[in-house]
Amino acid sequence: MDTDSIRQRLQTIQNARLLFNTDEELMRHVRWTPGHHNQLKRIGGRNEFIVQAVYHELVYDCGERTGLDLDACLDNYYEAMQKIEEHLPTLRKHRKNVSALAEKLLEQMIFDTELPEYTATGYRQMGQWLGSVLYDTQAEMAALLLRMFLGILPLGMGSKGGDVESIEEEYKTVYRFFQQLAARNVLYEQIPAMSRLQQAIGNKKTEKTRIRLIGLAGEIIQSLVIFATKDNFVLQARADQANSLFTDLNGYWIDDDHHEGDYDFWEIVEMRNAYQLKHYHGFNAEKKVLEYAAYNLTFRQREQWVLASVQHPRSVRKWLAGKKLSEEDITYRTVLFDNPDRPTLIVFSPYAFTGSWFPVKSLRRMSAEQAENTKGLFDKGWSDVDSLDKYAYQFVTSIEAITHDAIYVKDEERDRYYKVPTQLYEGLEDCTLNDAIGIICLGSQRYLAFDELLFYIDITDDCQALEKGVSIMDRLPL
């Protein structure tokens, strides 16, 4: 990149207040006292090396502090500017209307709703243009455009918005803009990306800058597209499944609150598509009984980091009842392993949904002696009992066969097979023998479960099952 282009980028960083909320903060960061001319592009004078060094340091620093690519963000910013340049007079004149219109267009783009009639108000042409812009862009670009429409970023290449008056209010503006749209998702009471934005607003210690807000808005748009319909979510779940991370975690673990000699410890057991995470937290010495709570634990490999989801057993009951999930049901944490092949330390950091029921910051693998002593409790006749028994369920993976037009699931308890036609639900035709397909038992209720598809069929009553298109068979067809 030539020096003139870099000078332009430095000036954009300053004008848009992307990295710092005030000119003073930016100048202090680059250790420059500009005097009469306070334009960052003048830094270094004719010394091209200093100009390049300052820019690359800002790119590096942005990546370290936010995880965002400043270069890519500026590329999107310039492209967004070019898209709106010819419409600047209209946009500036009707900014309030443009904001409302942008919300409707985003709603149509994500949820495939009908646009209202704009002819009477004279915005049809602008509506068609904005719609084409939003449709023909990635989430990061849409986030930038929406920020401009909301009046948070300057409109036009040469615009100078000045120092940020209230970054807190800008964050709240973006949150309010997405609030109603986000509530229409199919899975959560509040999508994780909105939870992250809300956490940033509520945490005074969180560094709040415009570039962070651009990143969060982009995440929200991506999430809205994923969670707009079950079909979209299934496609994402398939992609996530390919990024599932498994390593050697089997065994006993202790958290930061553990004291030698107490009965508070954890056990991780690898299952077929996830881990079972058991927290032993209480005991009755007289009856030789340990109490535990069991959670579902999965890991997904992202580009440069690992995301863990910890799922409370109540989430299954809620989902089967057609209710949306909340932070009471699931929590997301970023994860660091001290050893990728056989970790002895797992460090959890907040990502989305606080999950007060899972306050763990780290788990450390027990030493061989500690593990032997713990295992010895069960060898001496101790038993365990589930303290979350009211939410308890049993999931038995029991897929037996797949043909071109049906999936066969075996029910050991009832000594029968269920035939599920693949046309019964979108995505069944793509199922494999490696998928989490089987039977969920919730008390007296029984369900055929296609977990990756979030598709469940109540088979408690034979008549209900038959009405839903499921065939009941004594044996598999030859």
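Just so it is clear, the values below take in all heavy atoms, side chains as well, and ignore hydrogens, waters and symmetry mates.
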Between NZ on residue K468 and SG on residue C463, distance to nearest 0.5 Å:
12.0 Å

Using 30° and 60° as the class limits, which term best fits the ring planes of F378 and Y252: parallel, tilted or perpendicular?
parallel

Under 3.5 Å side-chain donor-acceptor pair for [X] and [Y]:
X: D411; Y: Y417; answer: no
X: Q311; Y: D329; answer: no
X: T12; Y: Y78; answer: yes
X: S315; Y: R317; answer: no
X: T22; Y: E25; answer: yes
X: R300; Y: S244; answer: yes
X: S223; Y: E219; answer: no

Is the side chain of [X] donor-acceptor paired with the backbone N or O of [Y] at a distance under 3.5 Å, no angle test?
X: Q301; Y: W305; result: yes
X: N373; Y: Q370; result: no
X: K208; Y: A200; result: yes

Ring centroid separation [X] to [Y] under 6.0 Å:
X: F227; Y: Y188; result: yes
X: Y295; Y: H312; result: yes
X: Y263; Y: W382; result: yes
X: Y351; Y: Y332; result: no

Beyond-backbone contact of F358 with R333, side-chain heavy atoms, under 4.5 angstrom
yes

Any side-chain heavy atom of M194 sitting closer than 4.5 Å to one from I220?
yes

Electrostatic pair [X]:[Y] at N-O distance under 4.0 angstrom:
X: E400; Y: K419; value: no
X: R314; Y: E328; value: no
X: R446; Y: D458; value: no

Tell me, with the steps shown, if Y447 and F395 meet ring pair (Phe, Tyr, Trp, His ring centres under 6.0 Å).
CA-CA 9 Å; Y447 300 84; F395 178 43; over 10 Å; no

side-chain hydrogen bond (donor to acceptor under 3.5 Å, both in side chains) between N296 and Q276, worked out:
CA-CA 5 Å; N296 191 71; Q276 184 186 55; over 6 Å; no

With sequence neighbours left out, the residues meeting side chain to side chain contact (heavy atoms under 4.5 Å, CB included) with N243 are none

In short, D163 meets R17 closest at the heavy-atom pair OD1-NE, 2.9 Å

Any pair counted as salt bridge (charged side-chain N to carboxylate O under 4.0 Å, His left out), so long as it reaches residues 335-349, sequence neighbours left out:
D248-R342

Could you note down all residue pairs passing salt bridge (charged side-chain N to carboxylate O under 4.0 Å, His left out) where residues 378-387 supplies at least one of them, sequence neighbours left out?
K278-D384, K375-D379

Of W253, Y292, W266, the residue whose pairing with H279 passes ring pair (Phe, Tyr, Trp, His ring centres under 6.0 Å):
W266

